[in-house]
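Lettering of chains follows the sequences in order, A, B, ..., and the numbering in each one begins at 1.
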Number of protein chains: 2
Amino acid sequence: MAQFTQSEKDVFRTAPFFKGVPADVVFRLFDIGDAVHFPKNTHVSAIGDTVDPVFFVMSGLLRISACSESGRRITFLLVKRGEPYNLLGPYLDCGRFLEAEAARPTRCLRIQGNQFMTFVTDHPVIVPNILRWIGIGLDSANSRILDLMEKKVENRVMRVLSTLYEKFGTPLLFTSQEISEIAGTTPESTLRTMGQLRDMGIITTQRGQIRIHDPAALKNIEFGSLKI
Amino acid sequence: MAQFTQSEKDVFRTAPFFKGVPADVVFRLFDIGDAVHFPKNTHVSAIGDTVDPVFFVMSGLLRISACSESGRRITFLLVKRGEPYNLLGPYLDCGRFLEAEAARPTRCLRIQGNQFMTFVTDHPVIVPNILRWIGIGLDSANSRILDLMEKKVENRVMRVLSTLYEKFGTPLLFTSQEISEIAGTTPESTLRTMGQLRDMGIITTQRGQIRIHDPAALKNIEFGSLKI
DNA sequence: CCGTCAACATGACGGCCGTCATGGATGTGG
DNA sequence: CCACATCCATGACGGCCGTCATGTTGACGG
């Protein structure tokens, strides 16, 4: 089937996740999966769903988030082009508490859970990649826990901006609401911090976008970067 | 070599982590690893170490923690008998920021990283178990992030007590210091919360141990309304 | 039996930040 | 071009909890 163009397939060839995996093995994924499109702000999966399929983002952006019973929402992960989502889903029978939605119009390669597990057992060469990816995610989650202990909202916002800069470059197309949901705070506090950063000439802001002029200044604090 | 008694080996046979793995595969681990003992409060690994070997706890308890530069320490994980630690270490080349120490006198099975990776490729039947275990850990980390958003220290302490009760039963042999490092707060706040729980007859406390009389009450989230 | 230390317990204070409120700026659709 | 929604921006207030301080209790060794 001609669901995927060659340039789309090349996205996977060069994706960090697939590093070291032979190209023919990678391309096998296109045979066992199909393409799905999600318009902006639509749900890929809702809370409590037992998310079975594995997704690979071909273009766009997925936001993985959860919300507590008090209504506060936090974003755990932003999945961009070439990255996988729900790698572990097929192996966990329990329903997760996460929800996934398209932060922008997003095109994905979707692979059913049992097909993915078959793929893994047939091509064990990919196992180290999976473990490596999950390991990075686990370290990142632990970093964020440490972050939240520190309780300094300013530091959290700065680290979020720094991390997003490393992942997406500049300008960052996010609202203060989105930033605050990643940093684990409120839009007001985020705006206050960004106001200070603006006064220092480190960033400039417009509606829905943030230009970072001095990335080094954002890293001035603390160790370790989170993988968002 | 007769490093391990039969009863020790049986610990693994019945361990949840190894569920579904044939016994002869499990026992192969004893051939490629060796026994190590850690006295109480000694370090298994320090911060920044590239922890290569995988550990399985045979008796005792490992505490996996990290501390921020402000000196605050947080405990991520308590590894008890039959549970693995550092499953992903062999696959990650970077140094981690965690440190592991023996919370009690602890005896472990230690397997060098490359030997463990060889074992995994030779016995792929264990891969789903690894992924499942890591997946649970990842969900748990995300839950804690959500918890920290909630910001109510009382709820965090109660949830910690509830979780520890499910894992270790009663009485819990932990000090307020240890509880606070798991809950992400201070010993004082922990003691204050436990004081209220004591007044309600939910727990009783002695030096270094906590008896839980009403586990269900700890799961009650509407603590704030009860307090008034 | 006593000295010492670690842990328990509790009170007081202050700062951070979440909440609410208000107003202005910007983009969008009819 | 205007109405409206959304986002940005900033001020004021109040509560939670981290910090410090003080005293008590229990454990352990000689």
Side-chain angles (χ1 to χ4, degrees), chain A residues 40-41 67-74 103-104 146-161 171-200 203-211 221, chain B residues 40-41 67-74 103 146-161 171-200 203-211 223-228:
Chain A
K40 181 170 178 175
N41 289 334
C67 82
S68 60
E69 61 272 9
S70 76
R72 297 180 62 97
R73 226 177 67 165
I74 178 155
R104 320 202 190 299
L146 265 183
D147 246 22
L148 290 171
M149 304 279 69
E150 281 302 325
K151 291 194 61 115
K152 272 285 193 279
V153 163
E154 296 169 2
N155 293 7
R156 296 216 297 272
V157 171
M158 288 173 72
R159 279 181 64 171
V160 167
L161 292 177
L172 294 172
L173 303 178
F174 296 97
T175 67
S176 61
Q177 169 89 21
E178 292 175 299
I179 300 290
S180 70
E181 283 179 3
I182 301 173
T185 180
T186 60
E188 291 93 330
S189 293
T190 301
L191 285 166
R192 265 182 259 270
T193 298
M194 291 207 298
Q196 297 175 23
L197 296 175
R198 200 183 330 111
D199 294 344
M200 295 186 223
I203 66 174
T204 55
T205 60
Q206 291 172 34
R207 186 190 182 83
Q209 87 179 39
I210 303 161
R211 284 206 149 73
I221 20 167
Chain B
K40 181 170 178 175
N41 290 332
C67 84
S68 60
E69 67 279 5
S70 75
R72 297 181 61 96
R73 226 176 69 166
I74 178 157
L146 265 184
D147 247 20
L148 290 171
M149 304 280 69
E150 281 301 326
K151 295 217 166 268
K152 271 284 194 276
V153 164
E154 295 167 0
N155 292 5
R156 295 217 297 272
V157 171
M158 288 171 71
R159 212 166 308 196
V160 166
L161 292 177
L172 294 171
L173 303 178
F174 296 96
T175 67
S176 60
Q177 170 88 20
E178 293 174 298
I179 300 290
S180 70
E181 283 178 4
I182 301 173
T185 180
T186 60
E188 291 93 330
S189 293
T190 301
L191 284 166
R192 263 182 260 268
T193 298
M194 291 206 299
Q196 296 175 24
L197 295 175
R198 201 183 330 112
D199 293 345
M200 295 188 220
I203 66 174
T204 53
T205 60
Q206 290 172 35
R207 188 189 182 82
Q209 87 179 38
I210 304 161
R211 284 206 149 73
F223 184 76
S225 56
L226 291 180
K227 200 182 76 171
I228 299 178

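- Across the protein-nucleic acid pair, A:Leu148 atom CG and D:dC17 atom C1' stand 16 Å apart, rounded to whole Å.
- Protein atom CD of A:Gln177 is 14 Å distant from nucleotide atom C1' of C:dT19, rounded to whole Å.
- Summarising the geometry, the separation between CG on B:Leu197 and C1' on C:dA9 is reported as 15 Å, rounded to the nearest angstrom.
- Under 3.5 Å, the side chain of B:Arg192 and the base of D:dT19 form at least one donor-acceptor pair of N or O atoms.
- Considering only the side chain of B:Lys152, D:dC16 comes nearest among D:dC16, C:dC17, D:dC8.
- For the pair A:Thr186 and C:dG18, the criterion of a side-chain N or O lying under 4.0 Å from OP1 or OP2 is met.
- Among B:Thr204, B:Leu197, B:Ile179, the one residue that satisfies the side-chain contact (heavy atoms from CB on, under 4.5 Å) test with B:Ile210 is B:Ile179.
- Closest contact between the side chain of B:Glu188 and the listed nucleotides D:dA21, C:dC8, D:dA9 involves D:dA21.
- Taking only side-chain nitrogens and oxygens, A:Thr175 never comes nearer than 4.0 Å to OP1 or OP2 of D:dT6.
- In this structure, the CG atom of A:Leu172 is 17 Å from the C1' atom of D:dC7, given to the nearest Å.
- Cation-pi geometry between A:Arg211 and A:Phe174 is not met at under 6.0 angstrom from the ring centre and within 45 degrees of the axis.
- Between the CD atom of A:Gln196 and the P atom of D:dC8 there is a distance of 17 Å, given to the nearest Å.
- Contact annotation: A:Arg72 reaches the phosphate of C:dT19 (side-chain N/O to OP1 or OP2, under 4.0 Å).
- If you run side chain to side chain donor-acceptor pair (under 3.5 Å) between B:Asp147 and each of B:Arg159, B:Lys152, B:Arg156, only B:Arg159 comes through.
- In the model, B:Thr186 has a side-chain atom that pairs as donor or acceptor with a side-chain atom of B:Ser189 under 3.5 Å.
- Computed from coordinates, the A:Leu191 CG to C:dC17 C1' distance equals 14 Å when rounded to whole Å.
- Applying the 4.0 Å criterion to OP1 and OP2 of C:dC8, one finds that B:Thr205 has every side-chain N and O outside that range.
- Separating the CG atom of B:Leu173 from the P atom of D:dA27 is a distance of 13 Å, rounded to the nearest angstrom.
- Positionally, the nearest nucleotide of DNA chain D for A:Phe174 lies more toward the 5' end than for the other of A:Phe174 and B:Arg207.
- The phosphate of D:dG18 (OP1 or OP2) has a side-chain N or O of B:Ser189 nearer than 4.0 angstrom.
- As a whole-Å value, the separation of A:Met194 CE from D:dA9 C1' is 10 Å.
- In this structure a side-chain-to-backbone donor-acceptor pair under 3.5 Å is present from A:Glu178 to A:Thr175.
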